[in-house]
Number of protein chains: 2
Amino acid sequence: MPASSAPTLESVAARAGVSRATAGRVLAGSARVSPAAREAVMQAAQELSYVTNQAARALVTRRSGSVALVVVEPVERFFSDSYFPLVLSGAQAVLSEREVQLVLVVLSTPRERERFERYARGGHVDGAILVSVHGPDPLPQHLRDAGIPVVLSGRPYDLASTVPFVSADNVAGARAAVQHLVDRGCRHIGTVSGPLDMPPGQDRLEGFRAQLRACRRRVPARAVATGDFTAAGGRSATEALLARYPELDGLFVANDLMAAGALQALAAAGRSVPGDVRVVGFDDAPLAGAAVPPLTTVRQPVVEMGRHLARMLLAIIDGAEPEASVVVPTELVERASA
Amino acid sequence: MPASSAPTLESVAARAGVSRATAGRVLAGSARVSPAAREAVMQAAQELSYVTNQAARALVTRRSGSVALVVVEPVERFFSDSYFPLVLSGAQAVLSEREVQLVLVVLSTPRERERFERYARGGHVDGAILVSVHGPDPLPQHLRDAGIPVVLSGRPYDLASTVPFVSADNVAGARAAVQHLVDRGCRHIGTVSGPLDMPPGQDRLEGFRAQLRACRRRVPARAVATGDFTAAGGRSATEALLARYPELDGLFVANDLMAAGALQALAAAGRSVPGDVRVVGFDDAPLAGAAVPPLTTVRQPVVEMGRHLARMLLAIIDGAEPEASVVVPTELVERASA
DNA sequence: CTGAAAGCGCTTACAG
DNA sequence: CTGAAAGCGCTTACAG
């Protein structure tokens with residue numbers, strides 16, 4: 001809402017003694033302008049503190065100059081999981097270089113989803129980065145059908161999806177975590193998995209199984225407890241695991257938040273970490289370093305993933321449709337817990 | 001970026017057999033329209049999946065329909081502090097009810113600040129909620145001078161500022177924390193304060209001192225260590241405190257992130273919590289419940305504060321200029337650490 | 001290199 | 001209650 005007295009291109013042109021068209025060309029950085037005209041316009045714009053009216057520009061260019069980062073989650077998850085702000089900061093870095101504004105949208109209710117679809121179709125954003133889409137969600141396809149460029153954070157649940165995505169190598173990360181426990185001499189390795197309707201939950205569990213198999217270890221059914229990526233869920237899953245698999249001496253927890261809960265459960269059960277049970281988390285969230293003991297975990301380069309997502313989206317917006325998905329490597333971060 | 005074939009008000013009007021003006025009135029919910037016309041327009045809009053072009057609307061109404069939540073922080077702080085997402089979710093709740101879109105903006109560099117000022121002056125947002133402004137920052141005043149409605153999260157550093165704000169009662173919260181330690185029998189109470197260039201840091205320290213004074217306790221200089229609101233800072237401040245004030249048996253830490261660091265330092269020093277040292281944090285951040293032991297802390301109703309901020313901003317945008325600032329009460333949450 | 005002019009899609013007095 | 005028309009501020013062929 002510029003003050004009603006906000007300078008227009010017209011007033012800049014008048015002050016510079018040129019036409020509106022010429023003033024517009026200068027401000028758009030067009031080459032076909034004489035140095036004298038350029039000079040005059042720049043100075044006039046400066047003197048008037050001119051900024052271009054975005055609505056007017058958008059009306060003719062059909063570009064809003066902003067893209068949405070859409071988080072499909074209850075707000076509680078949004079703020080308890082460090083993943084989101086990290087993706088955001090990576091995307092933000094790339095977008096702000098291109099003078100594209102990032103709009104964060106949290107979609108918790110069906111009503112909010114509808115509103116967002118309208119918002120996007122109304123031309124408010126030029127594209128969307130979708131984060132944390134659960135199960136077989138139609139949102140990505142809806143947006144695409146409306147002609148809105150979309151990229152996904154994390155591989156899509158629907159394997160037939162053609163929406164480009166950026167994902168960490170969750171399988172390899174889980175394998176590295178398990179191998180670390182094996183290398184440390186753990187004989188009875190269990191896991192607290194993530195929700196099995198989410199690709200990261202699925203993939204990390206698959207990596208867990210695959211690596212134990214590669215080590216010629218059996219995976220008893222009772223060695224696997226399902227969690228929900230929250231601290232409370234990690235705690236209760238770990239309690240269940242300890243009850244039915246008391247010989248447990250190595251634990252892979254599918255994210256750090258659940259691992260924090262696991263540490264509580266182990267402390268409550270009188271098991272020392274890493275003395276009695278070694279624990280490896282996943283994410284390298286901020287709380288990993290702050291935990292007691294500090295968590296050994298699998299780092300996924302979330303900020304970098306955010307950068308990738310932004311670059312992919314900008315490319316698609318610029319018309320380079322067939323952008324390839326990318327899977328980025330993870331890295332084991334050793335701390336005290338394993 | 002609607003597909004170029006996106007339906008316009010014109011096409012809806014044609015299909016409904018009325019003028020563009022009438023179609024516009026129906027869609028704007030105006031009362032002065034015949035039921036028959038209303039019916040026809042609604043149906044046409046439905047059939048064409050019409051959504052209004054925001055740029056066109058904004059150009060004439062001079063309203064963008066969105067407001068910014070501006071976080072003035074390095075991105076690291078943004079994602080390590082749970083305060084921001086909580087404010088955001090509260091604000092989001094209010095705004096989405098009013099069909100106003102929230103745009104999150106993180107300002108880490110001078111360049112980004114400039115860009116944002118241009119963005120706001122360009123009419124992209126109708127107002128701004130400013131969070132975590134440090135020291136004597138001119139940004140709020142700049143925006144105001146440009147005619148952009150602004151509200152502040154947290155009381156302004158500059159006491160002469162007239163920008164309306166919403167703040168927790170940090171002084172009272174700190175006093176309650178100290179009183180709790182006193183009630184639990186602590187004799188030697190220290191504190192890890194926040195940065196003293198930030199109002200919450202200042203106010204919580206003031207509350208600490210005030211309450212001990214009210215209890216007729218002396219506050220030796222060595223009982224106060226200054227932190228920076230990070231876990232690492234909390235840890236090293238606590239180490240320093242233990243070194244110079246070994247009789248410490250009660251500790252008030254000015255936020256939960258630092259309290260997590262304090263727990264690490266105490267564990268490393270072989271001090272049990274709450275056996276040897278009782279610890280009270282501030283914020284009731286998600287990690288408070290996940291800590292070992294779970295943290296007793298002072299809850300500030302951040303989500304509610306976010307709601308307040310959004311309501312105040314909307315009121316100002318709607319022309320109700322002289323909106324009063326509000327200070328909301330805090331609440332002690334007892335867990336295991338004290 | 002430059003200007004006159006059309007047009008983006010909406011809202012809103014102004015008549016009737 | 002309804003329509004014709006002006007106008008929001010910009011961009012962009014089209015001439016020159």
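Lettering follows sequence order; numbering is per chain, from 1.
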Problem set entry | Contacts of Glu97(A) that satisfy side-chain contact (heavy atoms from CB on, under 4.5 Å) - sequence neighbours left out |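 None.
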Problem set entry | With Arg15(B) via side-chain contact (heavy atoms from CB on, under 4.5 Å) - residues at least two apart |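 Arg15(B) satisfies side-chain contact (heavy atoms from CB on, under 4.5 Å) with Ala44(B), Glu47(B), Leu48(B) once adjacent residues are dropped.
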To the nearest angstrom, how far is [X] atom [atom1] from [N] atom [atom2]?
X         : N       : atom1 : atom2 : answer
Leu59(B)  : dC8(D)  : CG    : C1'   : 4 Å
Leu27(A)  : dG9(D)  : CG    : P     : 16 Å
His124(A) : dG9(C)  : NE2   : C1'   : 14 Å
Glu10(B)  : dC10(C) : CD    : C1'   : 11 Å
Leu9(A)   : dG7(C)  : CG    : P     : 20 Å
Arg62(A)  : dC10(D) : CZ    : P     : 18 Å
Arg63(A)  : dG9(D)  : CZ    : P     : 24 Å

Exercise. If you measure from the C1' atom in dG16(C) to the same atom in dT12(C), how many Å do you get, rounded?
Worked result: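 My reading of the C1' atoms in dG16(C) and dT12(C) gives 16 Å.
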For this session: Using the criterion of both pairing distances under 3.5 Å for Watson-Crick and G-U wobble pairs, give all stems of 3 or more consecutive pairs involving DNA chain C.
Result: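 Only these stems qualify: C:1-3 with D:14-16, C:5-12 with D:5-12, C:14-16 with D:1-3.
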Problem set entry | Distance test, side-chain N/O of Tyr50(B) to OP1/OP2 of dC10(C), below 4.0 Å |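 True: Tyr50(B) side-chain N/O within range (under 4.0 Å) of dC10(C) OP1/OP2.
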Exercise. Can you check whether Ser34(A) has a side-chain N or O nearer than 4.0 Å to OP1 or OP2 of dT2(C)?
Worked result: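 It does, given that an N or O in the side chain of Ser34(A) lies less than 4.0 Å from OP1 or OP2 of dT2(C).
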Exercise. Counting any heavy atom closer than 4.0 Å, what does Ala55(A) reach on the DNA or RNA strands: base, sugar-phosphate only, or nothing?
Worked result: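 Counting heavy atoms under 4.0 Å across all strands, no contact is made by Ala55(A).
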For this session: Just call it for Ala37(A): base, sugar-phosphate, or nothing, with non-hydrogen atoms closer than 4.0 Å on any strand.
Result: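 Contact class for Ala37(A): sugar-phosphate only.
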Exercise. Within a reach of under 6.0 Å around CD of Glu99(A), are more than 12 heavy atoms found that belong to other residues, nucleotides or ligands?
Worked result: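 Above 12, so yes.
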From [options], pick the nucleotide closest to the side chain of [X]?
X        : options                 : answer
Arg57(A) : dC10(D), dG9(C), dT2(C) : dC10(D)
Thr52(A) : dC10(D), dG9(C), dC1(D) : dC10(D)
Val33(B) : dG9(D), dT2(D), dC10(C) : dT2(D)

Scan side-chain atoms only and decide if [X] and [Y] contain a donor-acceptor pair under the 3.5 Å cut-off.
X         : Y         : answer
His124(A) : Gln101(B) : no
Ser11(B)  : Tyr50(B)  : no
Thr162(B) : Arg144(B) : yes

Problem set entry | All salt bridge (Lys or Arg N to Asp or Glu O under 4.0 Å) counterparts of Arg113(A), not counting sequence neighbours |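 By the salt bridge (Lys or Arg N to Asp or Glu O under 4.0 Å) rule, Arg113(A) matches Asp137(A).
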Polar atom pairs between nucleotides 3-5 of chain D and protein, under 3.5 Å, N or O only, would you list them?
from: dG3(D); atom 1: OP2; to: Ser19(B); atom 2: N; distance (Å): 3.0
from: dG3(D); atom 1: OP2; to: Ser19(B); atom 2: OG; distance (Å): 3.0
from: dG3(D); atom 1: OP2; to: Thr22(B); atom 2: OG1; distance (Å): 2.7
from: dG3(D); atom 1: N7; to: Arg25(B); atom 2: NH1; distance (Å): 3.4
from: dG3(D); atom 1: O6; to: Arg25(B); atom 2: NH2; distance (Å): 2.5

For this session: Please list all pairs passing the salt bridge (Lys or Arg N to Asp or Glu O under 4.0 Å) test where one or both residues lie in residues 146-167 of chain A, with sequence neighbours left out.
Result: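 Non-adjacent pairs meeting salt bridge (Lys or Arg N to Asp or Glu O under 4.0 Å): Arg155(A)-Asp203(A).
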Exercise. Does the side chain of Leu107(B) come within less than 4.5 Å of Val70(B)'s, by heavy atoms?
Worked result: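 Side-chain contact under 4.5 Å: yes.
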Exercise. Is any side-chain heavy atom of Val163(B) closer than 4.5 Å to a side-chain heavy atom of Val151(B)?
Worked result: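 The answer is no, as the side chains (C-beta and beyond) never meet within the 4.5 Å cut-off.
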